[in-house]
Amino acid sequence: MADPSTITMEGLPTLLEGDNKVKVAGVDVDGILRGKIMSKEKFLSIAASGFGFCSVIFGWDMHDQTYFKELEVSNKENGYRDLLAKPDLQTFRRIPWEDNVPFFLLRFFDPDTNEPICSCPRGLLQTQIDKISAHGYGAKAGVEYEFFNFLTPNNVATAAGNRTPSIAAYLADNPPHSLPPLTEGMFGYSLTRPAANKDFYYEIFETCRKFRVDIEGWHTESGPGVYEAALQFGDIKEMADRSSLFKLVVKSVAIPYRITPCFMAKPKQGLPGNSGHMHISLVDDDGNNLLARNEPERDAKWPDIANLSDLGRHFLAGILSGLPDIMPLLAPTINSYKRLVENFWAPVTVSWGYEHRQASVRLVGAPGTKKSATRFEVRVGGADANPHFVLAAILALGWRGIEKKMAITVPPLGKGQGVGSEADSGMRLARSLREANDRFMAKDSVAREVLGNEFVDHYGGTREHEIRQWDEAVTDWEMKRYIETV
Ligand SMILES: *[C@@H]1O[C@H](CO)[C@@H](O)[C@H](O)[C@H]1NC(C)=O
């Protein structure tokens, strides 16, 4: 396959020789890919100029319900007008499970001003990258996803008398927790569990490779039917795209196997949730790591940062100081906050530490390893988060720390000092989407400072919608708890 970085407008006809159609897709605020097939002729005619794409993908929620409160980008008044969608040529790949149809990711622009639309996740990340690259910096990232796998019930009888294989139809008539997991029991790093579903297991690995979403590590995680993939780290922009595309690969490959992968943050009470840990480092123009210190500093304020550069210290301070204000980006759903509870290895406070796996931010860079591996692992986000938003927010906070030359004010967690222990003096992060969103949208929020009012008002508005959906829901927990008792 052609090296995507060398693809040009002029080269497109050659690249697409023998094809008669192209698939394009953009990312919405929930991280969901929304797109369509175009004839090759149409695609070639709009590749440079862009084409009209209905703004409603930023005007409705993940079930296509328009937001209760209409938002600036797309609303009745502006007639859910078209946005300008432009294919990003460097995202070219072919879809292995759809006869190798050519595929491009889109970015969305205002049709009048040609400016990026605030709600476009790929655009938001690009804006943050542009900020640092103007100063000669770049960023690399790595992403790990955990997810459950359920068996899609085959031919389940529904109340309506239909026999249907659809999850939605099944859930309409059956308790969600009756869905069988792909495999039973807890068995992390198992060699036998994947063998029980080996076609599925290997097809994901191979398909990811063919789709340029290379997997570095792929294994079962502790939990029934739970898998974890570490994606091959790389340039931050590419990494965010690959993360979105990884979920697409998994969900698509799973269909013929009648498996439903689930990236919810906490599918099951009493079991660990699904995390979406993100690693990030800064590099110079030549790709050299800028977080590593040349010589260890003997009298560093804490030994944890002895090998962390000044730039890295500011970056970390920036993340820590802004973390509480960007929580809806790391934990975007009602369910996200069920994962962020004490005792499940999930971080719940503004905390950090050298090689500390319970802190919100783990400073990685073991002595003896290559300095180029020095990085921060932000452990707060769940697998349900939109990777473009998570990486954009972390980069924005870190950069704010650098610009303001911020100092780390929270002491690191020591070994054996857990999150929420007496040694953990960090602020408790939000316990609910409502709490998180109030802080995110507050007048003086760091999110407004680094991501802009337009974006915060839009995204915060989408979360208000989510919260209202939840407020109106009557859950089975409430029925079971109160039906006879009160
Ligand atoms: C810092 O680097 C020195 C020398 O390479 C090593 O001995 C020490 O363990 C490192 N400390 C940390 C916290 O990384």
Side-chain angles (χ1 to χ4, degrees), residues 30-32 61-63 143-151 167-168 171 174-188 220-229 243 246-247 250-251 254 259-278 323 326-349 351 357-360 377-387 389-390 418-420 428-437 463 466-467 469-471 473-481:
D30 294 302
I32 300 166
D61 68 9
M62 60 182 85
H63 288 280
V143 173
E144 300 158 11
Y145 277 130
E146 296 165 347
F147 57 99
F148 278 57
N149 290 282
F150 294 103
L151 291 171
I167 276 279
L171 293 182
N174 298 278
H177 293 300
S178 66
L179 268 179
L182 181 61
T183 53
E184 300 284 343
M186 313 289 277
F187 201 167
T220 63
E221 187 45 273
S222 195
V226 182
Y227 281 95
E228 171 165 352
S243 305
F246 172 72
K247 292 187 187 177
V250 171
K251 290 176 183 180
I259 290 168
T260 299
C262 169
F263 290 87
M264 280 171 68
K266 184 88 169 185
K268 290 263 187 197
Q269 183 177 351
L271 291 177
N274 290 324
S275 62
H277 297 159
M278 304 245 168
L323 193 56
I326 58 145
M327 282 301 285
L329 297 168
L330 304 190
T333 71
I334 297 294
N335 179 256
S336 307
Y337 296 83
K338 301 275 160 91
R339 170 177 161 262
L340 298 176
V341 293
E342 282 78 0
N343 301 330
F344 277 101
W345 283 77
V348 294
T349 54
S351 50
R357 280 200 150 79
Q358 273 181 294
S360 288
E377 180 192 30
V378 179
R379 302 172 51 81
V380 182
D384 57 348
N386 181 334
F389 283 164
V390 176
V419 171
R428 178 65 164 86
L429 295 169
R431 287 172 200 272
S432 69
L433 184 57
R434 187 191 308 275
E435 199 187 310
N437 205 43
R463 294 312 96 182
E466 198 68 17
I467 293 162
Q469 290 276 1
W470 169 243
D471 284 347
V474 177
T475 64
D476 57 351
W477 183 88
E478 288 160 278
M479 280 298 279
K480 280 184 201 154
R481 188 152 183 95

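When reading the values below, keep in mind they use all heavy atoms of this one structure, side chains included, and skip hydrogens, waters and symmetry mates.
Contact of the Gln358 side chain with the Pro347 side chain is not registered, since no non-hydrogen atoms from C-beta on lie closer than 4.5 Å. Between Leu151 and Ile259, the closest side-chain pair of non-hydrogen atoms falls below 4.5 Å. Counting heavy atoms from C-beta on, the side chains of Arg428 and Glu342 come closer than 4.5 Å. Side-chain contact between Cys262 and Lys268: absent, with no pair of heavy atoms (C-beta onward) separated by less than 4.5 Å. Annotation: side chain of Asn437 is not in contact with side chain of Glu466 (no heavy-atom distance under 4.5 Å). In this structure, Phe148 and Pro181 have side chains that are not in contact, with every pair of non-hydrogen atoms separated by 4.5 Å or more. Proximity of Pro175 to His177: side-chain heavy atoms (C-beta onward) are nowhere separated by under 4.5 Å.
Remark: Asp30 engages Arg463 in a side chain to side chain donor-acceptor pair (under 3.5 Å) (not counting sequence neighbours). Residues forming a side chain to side chain donor-acceptor pair (under 3.5 Å) with Thr333 (at least two apart in sequence, or on another chain): Ser336, Asp384.
With Glu221 contributing its side chain and Val226 its backbone, the two residues share no donor-acceptor pair below 3.5 Å. Between the side chain of Arg339 and the main chain of Pro267, no donor-acceptor pair closer than 3.5 Å is present. Side-chain atoms of Thr183 come within 3.5 Å of backbone N or O of Gly225 as a donor-acceptor pair. Without hydrogens or angle criteria, Lys338 side chain to Gly273 main chain gives no donor-acceptor distance under 3.5 Å. The closest donor-acceptor contact from the side chain of Lys266 to the backbone of Leu271 lies under 3.5 Å.
Contact record, Pro261 with Phe147: CB-CD1, 4.0 Å, taken as the closest heavy-atom pair. The minimum heavy-atom distance between Val143 and Ser243, with the atom names listed, is CG2-OG, 3.4 Å. Between Gln469 and Asp61, the shortest heavy-atom distance links the atoms NE2-OD2, 3.6 Å.
Around the NE2 atom of His63, the shell of radius 6.0 Å holds no more than 12 heavy atoms that belong to other residues, nucleotides or ligands. Within 6.0 Å of CD on Glu478 lie more than 12 heavy atoms contributed by other residues, nucleotides or ligands.
Atom CG of Leu433 sits about 4.0 Å away from atom CD1 of Ile467, to the nearest 0.5 Å. For the atom pair OH of Tyr227 and CG of Leu182, the computed distance is 5.5 Å after rounding to the nearest 0.5 Å. Distance check, rounded to the nearest 0.5 Å: CG of Leu323 to CG of Leu330 gives 6.0 Å. The line from CG of Leu429 to OH of Tyr337 is 9.0 Å long, rounded to the nearest 0.5 Å. The OG1 atom of Thr260 sits 8.5 Å away from the CG atom of Leu171 when rounded to the nearest 0.5 Å. Interatomic distance, CZ of Arg431 versus CE of Met327, reported as 11.5 Å (0.5 Å rounding).
Relative ring orientation between Phe263 and Phe246 is described as perpendicular, the plane-to-plane angle rising above 60° on a 0-90° scale split at 30° and 60°.
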Stepwise side-chain contact (heavy atoms from CB on, under 4.5 Å) check, Asn335 with Trp470: CA-CA 10 Å; Asn335 179 256; Trp470 169 243; over 6 Å; no

